[in-house]
Enquirer: 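I am attaching a structure below and will ask some questions about it afterwards.
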Amino acid sequence: MSNRVQNIRGMRDHLPSAMILRQYIIDTLTSVFERYGFEPLQTPVVEYAETLDGKIGDDEKLIYRFEDHGGRKVALRYDQTVPLARVVAQYQGQLLLPWRRYAIGQSYRGERPGRGRYRELWQADIDIVGSASPLADAEILAVLTDALTALGFTGFTTLISHRQILGGIARVSGLDDAAAGDVYRAIDKLDKIGIDGVRNDLLQSGVSTAAAERILALIDLQGDADEVLNALAQQLQGDERALQAIDNVRAIIGYARAMGVPEERIVIAPRLARGLSYYTGAVFESIVQNPPMGSLLGGGRYDELIGMFAGRSIPTVGLAFGIERLHDVMEELGMGPASRTIATAFVTLFNPDMAAESLRLAQELRRAGLLVETALDPSEKLGKQLQYADRRGIPYALVIGPDELARGEVVVKDLRSGAQQSVVRSAVASQLRSAADARRTPRTAYDQGGTHERQTS
């Protein structure tokens, strides 16, 4: 196949049925974000290369770089966090802190495409800029919990840790801060390479066998959140930075519980590293066990990144929802809106003489807030029009002929069951609206037979 009719590997075309699910995800997320007072921000997809340089650690090699027509070194946006930092620094006098912001758009990463990994990816970011309070971290947890619940997820888990907990684990195992970086990198690959792979990476980086075994034992602590934090506090006695981090996580969880985040949703995961180099405090990500897709979202506190642009420290916490992964998981589990077509009703054209009346009916329904398609060829047979509407997945077809017009009625045909009834014209909109509301009710994995709930709880 010629490259002229083929998209670039790792970049997808989203046909209408997929876009309807994606728009549903974005609309749902936006509704939850705004409920908490987050405001929209949009930044260009292209930044100066130096804006991104030195900000994302080992993944910097994945940045798409090029020269524009003016010879300027530019790059495609890798994420929406670094551009946020640039915006805060650029518009310091115009932004009232603390500032809650959300941004939805594409980022680009030159990595090997795979399941849940694409070179063009959409993300929905939220951040609270200008607050060092653990209450801000807790609010982020509350937003992600409400958002995933609103999308229909019933068995997700949010893992939470802290960079200084991992640092403390490294330090009490006899490593200095410089060597702790190797620990972060090794542990961040745990889900990909397993415990044995992490052990090998640690040993190859110069960590002793005894230190490696202690690190592996501590990062594998599991159980009730309070129990794991107490165990960590006992094991990390003497490391003040780690103990302060544990107290910080305790405060975050306490505030999150006060905001209604269920206890069973949060798991203390000392193994959670989060690969990006700019995180400085609490880190978190939400996962589902089936289908195996990695994290649906991830984030944490980064108190120094904005300062790299602004010249002063501006504490910030945030996260990014992976629209691609949410879409793929929800599609596989049959979640989302019950229909993948826009229209609720299809207005047929009975014959050329009745076409104008059918178009008037369609406009009446649109003004009533309904999504309506019409046939386009008045000479086309009615059966063929109905067949088209059925193939489009539109649930209802409307017919208005001379007899219906005389009686002030409309024939409403349910294309799924084949049943039809004559409805007073003035009542058609309310009847279809009730049907449309039922179709918009999100399907959860539990509704699809409990797969998600059983496999992730």
Enquirer: Ignoring hydrogens, what is the shortest heavy-atom contact between S295 and I287? Give both atom names and the distance.
Expert: CA-CG2, 3.9 Å

Enquirer: Taking the side chain as every heavy atom from C-beta outward, state whether V129 and L97 have any pair of such atoms under 4.5 Å apart.
Expert: yes

Enquirer: If you look only at pairs with a residue in residues 287-334, which of them pass as a ring-ring contact (aromatic ring centres under 6.0 Å, His included), with sequence neighbours excluded?
Expert: F33-F321, Y278-Y302

Enquirer: For I126 and Y36, what are the C-alpha separation, side-chain angles and deciding distance, and is it a side chain to side chain contact (heavy atoms under 4.5 Å, CB included)?
Expert: CA-CA 11 Å; I126 55 171; Y36 280 80; over 6 Å; no

Enquirer: E373: what forms a side chain to side chain contact (heavy atoms under 4.5 Å, CB included) with it, not counting sequence neighbours?
Expert: A343, F346, Y388, R392, I394

Enquirer: Can you run down the salt bridge (charged side-chain N to carboxylate O under 4.0 Å, His left out) pairs that involve residues 10-19, sequence neighbours left out, and say none if there aren't any?
Expert: R12-E324, R12-D328

Enquirer: Any chance CD of E67 has more than 12 other-residue heavy atoms, nucleotides or ligands included, within less than 6.0 Å?
Expert: yes

Enquirer: Just jot down the side chain to side chain contact (heavy atoms under 4.5 Å, CB included) partners of R112, sequence neighbours excluded, or say none.
Expert: none

Enquirer: Quick check for you: to the nearest 0.5 Å, what is the distance between L62 atom CG and S107 atom OG?
Expert: 12.5 Å

Enquirer: What pairs with R77 under salt bridge (Lys or Arg N to Asp or Glu O under 4.0 Å), at least two apart in sequence or on another chain?
Expert: none

Enquirer: Testing the basics here: between A269 and L159, what is the closest heavy-atom pair and its distance to 0.1 Å?
Expert: CB-CB, 3.9 Å

Enquirer: Could you walk me through whether V228 and L232 satisfy the side chain to side chain contact (heavy atoms under 4.5 Å, CB included) test, starting with their C-alpha distance in whole Å, then the side-chain angles of each, then the deciding distance to 0.1 Å, before giving a yes or no?
Expert: CA-CA 6 Å; V228 173; L232 285 169; 4.1 Å; yes

Enquirer: Using the rule side chain to side chain contact (heavy atoms under 4.5 Å, CB included), only one of I63, L52, V46 pairs with L76; which is it?
Expert: V46

Enquirer: Out of R117, R9, K61, which residue meets the salt bridge (charged side-chain N to carboxylate O under 4.0 Å, His left out) rule with E111?
Expert: R117

Enquirer: Got a sec, which residues hit side chain to side chain contact (heavy atoms under 4.5 Å, CB included) with P16, two or more places apart in sequence or on another chain?
Expert: none

Enquirer: Could you tell me the separation between the CG atom of D137 and the CZ atom of R301, rounded to the nearest 0.5 Å?
Expert: 4.0 Å

Enquirer: What I'd like to find out is whether the side chain of Q164 reaches to under 4.5 Å of the side chain of E240, using heavy atoms alone.
Expert: no

Enquirer: For the residue pair Q80 and P83, what are the closest heavy atoms and their distance?
Expert: C-CD, 3.6 Å

Enquirer: Any pair with a residue in residues 91-102 that passes side-chain hydrogen bond (donor to acceptor under 3.5 Å, both in side chains), sequence neighbours left out, goes on the list, sorted by first then second residue, please.
Expert: E34-Y102, E39-W99, Q92-R312, R100-E139, R101-D127

Enquirer: Using the side chain to side chain contact (heavy atoms under 4.5 Å, CB included) criterion, which residues pair with A211? Sequence neighbours excluded.
Expert: S173, V207, S208

Enquirer: Going by an N to O cut-off under 4.0 Å, is there a salt bridge joining D53 and R65?
Expert: yes

Enquirer: With sequence neighbours left out, which residue pairs that include part of residues 88-98 fulfil the salt bridge (charged side-chain N to carboxylate O under 4.0 Å, His left out) condition?
Expert: none

Enquirer: Looking only at heavy atoms, which two atoms of L272 and F284 are closest? And how far apart?
Expert: CD2-CA, 3.5 Å

Enquirer: With a 4.5 Å limit on heavy-atom distance, are the side chains of V372 and L432 in contact?
Expert: no

Enquirer: Which residue pairs satisfy the salt bridge (charged side-chain N to carboxylate O under 4.0 Å, His left out) criterion with at least one member in residues 198-210, sequence neighbours excluded?
Expert: K189-D201, D196-R199, R199-E213

Enquirer: Please round to the nearest 0.5 Å and tell me the distance separating atom CG of N200 and atom CD1 of I193.
Expert: 8.0 Å

Enquirer: Is it true that Q222 and R271 share a donor-acceptor pair across their side chains at a distance under 3.5 Å?
Expert: no

Enquirer: Looking at Q90, I'd like to know if its CD atom is crowded, meaning that more than 12 non-hydrogen atoms belonging to other residues, nucleotides or ligands lie closer than 6.0 Å.
Expert: yes

Enquirer: Within a 6.0 Å radius of atom CZ on F66, are there more than 12 heavy atoms belonging to other residues, nucleotides or ligands?
Expert: yes

Enquirer: For D224, check salt bridge (Lys or Arg N to Asp or Glu O under 4.0 Å) against everything at least two apart and list the hits.
Expert: none

Enquirer: Do Y78 and R109 have side chains that approach each other closer than 4.5 Å (heavy atoms only, starting at C-beta)?
Expert: yes

Enquirer: Quick one: pull up CD1 in I266 and CG in L141 and give me the separation to the nearest 0.5 Å.
Expert: 5.0 Å

Enquirer: Anything under 3.5 Å between a donor and an acceptor, one on a side chain of residues 246-257, the other on a protein residue two or more places apart or in another chain? List them.
Expert:
| from | atom 1 | to | atom 2 | distance (Å) |
| --- | --- | --- | --- | --- |
| D247 | OD1 | R250 | NH1 | 3.2 |
| R250 | NH2 | N230 | OD1 | 2.7 |

